[in-house]
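Contents: one structure, followed by commentary.
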Amino acid sequence: MAHDVHTHVKSNIEFEYARRRAANEMRGQVTTFAIMIFLTLIAFTMVLAGFSAYLVIPFILLLAAIQVVLQLYYFMHMSHKGHETASLFLYSGALIAAITVLTFLTIVWW
Amino acid sequence: MDLNTKYTPHSWPDHPESATLEGKNKFLGFWLFLGGETVLFASLFATYLALKNRGPSGMEFTTQELFELPLVFIMTMLLLTSSLTSVYAMYHMKNYNFKAMQAWLAVTVLLGAAFLGFEIYEFYHYVHLGFTYDQSAFSSAFFTLVGTHGLHVLIGLGWITLLMLRNTKRGFNLYNAPKFYVASLYWHFIDVVWVFIFTVVYLMGVIG
């Protein structure tokens, strides 16, 4: 193979450090999950509470956007190094997505 | 290939998913695919939003009459929790704990299957009411959008199950680590799409 995998055997200290780092990150993930549950609960409650649609719709869309950002940056690790190209791909898709939805909501029916 | 290289918890790399060239390529290729998936779902969302509540004159079906939030809430919790369990699976892959990863993936699959069960029940219920796929422009757009998501759940379940079965006796190596990683990305993306579905289709549908 042209591409060799460099194998590094960790010393006990390095190993313990890596374990602790991973455990810390996992605790952060659980916090992220708790926030996501909380955002979902707020969204459902807002709708059931029966506030004005003009208030609720932008608000729950904002909650959804926050939840998706959390999912992408923490659960899908986009906050980690080496996700530059991945971000480019995803945001290109998101741009086309936004244009598509905007077009269908404006030009097509009005 | 690294298929036969044996690792120990001490020699297992910090980022097993991108330690090989093949792993790096899978990772990039998969994000490109997710960009494409975003566009696919956007076109279905756009179609749904344009055709929502539209159909033959006198149509008795509207989003407000059809959708029931308790069911949607349960489905949302199931899928959101399955997203966390697949994070746990990847955490154990990082720690070179194959059994723990398999166990968390199994929980993920079970939660996903429960979600799919509820979705099938929901669709069955709508069809029973007469809200079939060809009933109106609204029904076609609804079933295509939510059904495509459901199909993704089904594919994800099959994918993760096959990965688990195929690698049961192998344990970890740098050949299958990127496969597990990419499958978990796919599963998270399914949850990303669902966040928009429960918000745009169900919650906004109940508001009117």
Side-chain angles (χ1 to χ4, degrees), chain A residues 1-3 5-12 14-15 18-19 22-23 25-26 29-30 32-33 36-37 40 43-44 46-48 53 56-57 60-61 63-64 67-68 71-72 74-77 82-83 85-94 96-105 108-109, chain B residues 1-2 5 7-15 18-22 27-28 30-39 41-43 45-47 49-50 69 72-73 76-77 80-81 83-84 86-88 90-91 94-95 174 184-185 188-189 191-192 195-196 198-200 203-204 206-208:
Chain A
M1 279 290 282
H3 179 85
V5 177
H6 170 74
T7 312
H8 169 71
V9 181
K10 292 188 183 97
S11 68
N12 276 328
E14 284 176 310
F15 179 72
R19 279 288 161 110
E25 200 196 328
M26 194 58 230
Q29 300 282 35
V30 176
T32 307
F33 175 72
M36 285 155 80
I37 294 278
T40 307
F44 275 83
M46 285 286 281
V47 171
L48 291 174
V56 176
I57 290 176
I60 60 176
L61 284 175
L63 293 182
Q67 195 173 150
V68 162
Q71 183 92 233
L72 288 169
Y74 293 97
F75 281 14
M76 293 168 83
H77 315 296
H83 282 71
T85 319
S87 305
L88 174 70
F89 290 156
L90 190 79
Y91 283 119
S92 309
I96 306 294
I99 295 170
T100 309
V101 173
L102 196 67
T103 310
F104 272 58
L105 283 179
V108 175
W109 279 102
Chain B
M1 194 58 219
D2 298 280
T5 314
Y7 287 85
T8 64
H10 281 72
S11 69
W12 187 239
D14 281 336
H15 290 283
S18 55
T20 63
L21 181 62
E22 187 176 339
F27 173 85
L28 269 191
F30 200 76
W31 276 99
L32 180 61
F33 166 72
L34 289 184
E37 288 274 281
T38 308
V39 177
F41 277 104
S43 69
F45 270 108
T47 310
L49 287 169
L69 284 189
V72 179
F73 183 74
T76 304
M77 288 299 141
L80 196 56
T81 310
S83 208
L84 179 75
S86 92
V87 171
Y88 267 108
M90 289 306 102
Y91 166 66
K94 221 179 165 140
N95 283 347
L174 292 184
S184 94
L185 281 184
H188 292 310
F189 186 77
D191 198 36
V192 165
V195 170
F196 283 116
F198 88 68
T199 304
V200 172
L203 291 182
M204 281 168 60
V206 168
I207 294 170

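Numbers restart at 1 for each chain; the letters A, B, ... are given by sequence-line order, proteins then strands.
Per-residue heavy-atom pair counts under 4.5 Å with chain B were compared for A:A86, A:S11, A:A97, and the maximum is reached by A:A86. Chain A forms the most heavy-atom pairs under 4.5 Å with one residue out of B:N95, B:L185, B:T199, and that residue is B:N95. Your options are B:H10, B:M77, B:M90, and the one with the most heavy-atom pairs under 4.5 Å with chain A is B:H10. For the set B:F33, B:F30, B:F196, B:Y88, the entry with the most heavy-atom pairs within less than 4.5 Å of chain A is B:Y88. The residue among B:P9, B:G36, B:P13, B:S86 with the most heavy atom pairs within less than 4.5 Å of chain A is B:P9. Among B:V87, B:T38, B:V192, the residue with the largest count of heavy-atom pairs under 4.5 Å with chain A is B:V87.
More than 12 heavy-atom neighbours from other residues, nucleotides or ligands sit within 6.0 angstrom of CZ on A:F33.
To the nearest 0.5 Å, the span separating OG1 on A:T103 from CD1 on A:I96 amounts to 10.0 Å. Separating the CE atom in B:M204 from the CD1 atom in A:I60 is a distance of 6.5 Å, to the nearest 0.5 Å.
Of the two parts of A:E25, only the side chain, counted from C-beta on, holds a non-hydrogen atom closer than 4.5 Å to a non-hydrogen atom of chain B. Using a 4.5 Å cut-off between heavy atoms, B:T81 touches chain A through backbone and side chain atoms alike. For A:T32, no part sits under 4.5 Å from any heavy atom of chain B, backbone or side chain. With a threshold of 4.5 angstrom between heavy atoms, A:T100 approaches chain B through its backbone and through its side chain. Contacts between B:T8 and chain A at a heavy-atom distance below 4.5 Å are absent for every atom of the residue. Looking at A:A23, both its backbone and its side chain come within 4.5 Å of chain B, counting heavy atoms on both sides. Of the two parts of A:A18, only the side chain, counted from C-beta on, holds a non-hydrogen atom closer than 4.5 Å to a non-hydrogen atom of chain B. With a 4.5 Å cut-off on non-hydrogen atoms, B:V72 touches chain A through its backbone and its side chain both. Both the backbone and the side chain of B:F189 come within contact range of chain A, each with at least one heavy atom under 4.5 Å from a heavy atom of that chain. Both the backbone and the side chain of A:I37 come within contact range of chain B, judged by heavy atoms closer than 4.5 Å. Only the side chain of B:T76 comes within contact range of chain A, with heavy atoms under 4.5 Å apart. For chain B, the nearby parts of A:F75 are the backbone and the side chain; heavy atoms of each come within less than 4.5 Å. For A:L61, the parts sitting under 4.5 Å from any heavy atom of chain B are the backbone and the side chain alike.
Less than 6.0 angstrom separates the ring centroid of B:W12 from the ring centroid of B:Y7. With ring centers used as reference points, B:F45 lies 6.0 Å or more from A:F104. Between B:F27 and A:H83, the ring center distance clears the sub-6.0 Å criterion.
Listed here is the closest heavy atom pair of B:S11 and A:V9: CB-CG2, 3.9 Å. Taking each heavy atom of A:A53 and B:I207 in turn, the nearest pair found is CB-CG2, 3.4 Å. Taking all atoms of both residues into account, the shortest heavy-atom contact from A:M36 to B:L80 is CE-CD1, 3.6 Å. Heavy atoms only, all atoms of each residue included: B:A19 and B:L174 are closest at CB-CD1, 3.9 Å.
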Legend entry - Residues A:L88, A:S92; criterion side-chain contact (heavy atoms from CB on, under 4.5 Å); working and verdict: CA-CA 6 Å; A:L88 174 70; A:S92 309; 4.1 Å; yes
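Checking side-chain atoms of A:Q29 against main-chain N and O of B:L84 turns up no donor-acceptor pair under 3.5 Å.
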